[in-house]
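Note that ligands are numbered from 1 as they come in the structure, with each ligand's atoms numbered from 1 the same way.
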Amino acid sequence: MAPSPQTDPTALTALREAWVAALEEGLPAAQQVRERVHADPHLSGDEEPTATLLAEAMELDLERIAGTGRIGRLGPDGPAVMLRAEMDALPLTEQTGAPFAATTGAMHACGHDVHMAALVAVVRAARTLEADLPVGLVPLLQPREESYPFGAVDVTASGRLEEHRVGVAVGAHVHAGVPLGEVAIGAGVVNAAADSFVVRFRGTGGHGAYPHLGQDVMAAVATTALGLQEVVRRTVDPMRPCVLTVGHLSAGPEADNVLPETGRILGTLRTVDADDRAAVQEAIETLATRTAEAHGVVAEVEQTPAMPVLANDEALVGHMTPWLEELGVPVAAPMRSMGADDFSFYSDRLPAVMAFVGTRREGEDGVVGLHDARFLPPAELVGTVARVMVSGYLAGAQVLSDG
Ligand SMILES: [Zn+2]
């Protein structure tokens, strides 16, 4: 796209001022949206009532996408910046004591209620200045961020991002790893690739008194579980993060005198480098099958790729940082973690930025983090996340016009 007069700094600054003024006016309504979606949470795949509520609040024509998701469009034809909010809740019994706490055994414990309310505020404000938007603005209400099959996979497979010529994706996520109200947007990898694996062991079993006559998968399971930690140390340069966690192991029935016939290990692998990912997966296979062999039993390994690495685009981060400062949002040190978010399916194919918005209060006893039944980001973060989204859009418009 040729540089347009609408992306010159003066025009963008004027747009930013008008947008923030409209945002401020709309924040009380956005707080109500936050409280309503928080009080009525819906699990992955069941977000229909949430999508309906948000579509009404946005007062924008939205199309269905990825099952219960919705996608819309504002501004001119041509390239667009997508702003994404996730809609699903978690199966937790809320313990926040908030007046709008959920009572259904589901809970917005990942801050998605804040992200959704912020996106509503941004879109409602943008509608009042649509003629001044330099590039398209595509709001996405995404389902199933928390569980497989991930909503982002269906969104990318739908062809709609190409239809809307989405050239930049912007996401924001509250996070207890960042000080309250600050925003971390480091360039490069911010979340790991996440893969899962299962190792299934088989042997003949036998009597606990006569192990020499049978085949015992128990020792193979235990030895493999410990050996897997060595795999990381022997395969990956310690200067690059890699985590392999065994989350489950089991073998046989609950009996003290039976050699089990079958056993199972479930694990997660987190990497930040594609070669490491392939090398560790191969090493898991070798270790499990050879350890089983050494114990006279058989092992099969099944590896399921889950999510690619989430990387923030350098140019986008470069443009976004000064906008955040202008919007009065303090920029924190980059936050990188071995966590994962299906936003990585967008960053895998488009310049993208995931901004982490802090919830950690200084001096607080113990940090209440994501997926905790006591997690309740303060109301003011709806406005902060909204400003982050506006900054991301303005930076995205610049990246699209540079390109
Ligand atoms: Zn989340």
- Message: No waters, cut-off 2.8 Å: how many protein N, O or S atoms are close to the Zn ion (ligand 1)?
- Response: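 Atoms of protein N, O or S type lying less than 2.8 Å from the Zn ion (ligand 1) total 3.
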- Task: Applying side-chain contact (heavy atoms from CB on, under 4.5 Å), name anything that partners T321, two or more places apart in sequence or on another chain.
- Result: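 In terms of side-chain contact (heavy atoms from CB on, under 4.5 Å), with neighbours along the sequence ignored, T321 is linked to I185, V317, E325, V331.
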- Query: Going through the checks in order, is the side chain to side chain donor-acceptor pair (under 3.5 Å) test met by T262 and R264?
  - Reply: CA-CA 7 Å; T262 58; R264 216 156 64 108; over 6 Å; no
- Item | Distance-minimising heavy-atom pair for L74 and A126 |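 Residues L74 and A126, closest heavy atoms: CD1-CB, 4.0 Å.
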- Centroid-centroid under 6.0 Å between F150 and Y148 rings: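 Centroid distance F150-Y148: below 6.0 Å, so yes.
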- Task: Apply the side chain to side chain contact (heavy atoms under 4.5 Å, CB included) test between V357 and each candidate in V114, T384, V329; give the one that qualifies.
- Result: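 Option passing the side chain to side chain contact (heavy atoms under 4.5 Å, CB included) with V357: T384.
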- Message: Within the 3.5 Å criterion, strictly below it, is a donor on E86 or H115 matched to an acceptor on the partner's side chain?
- Response: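 Yes, a side-chain donor-acceptor pair sits under 3.5 Å.
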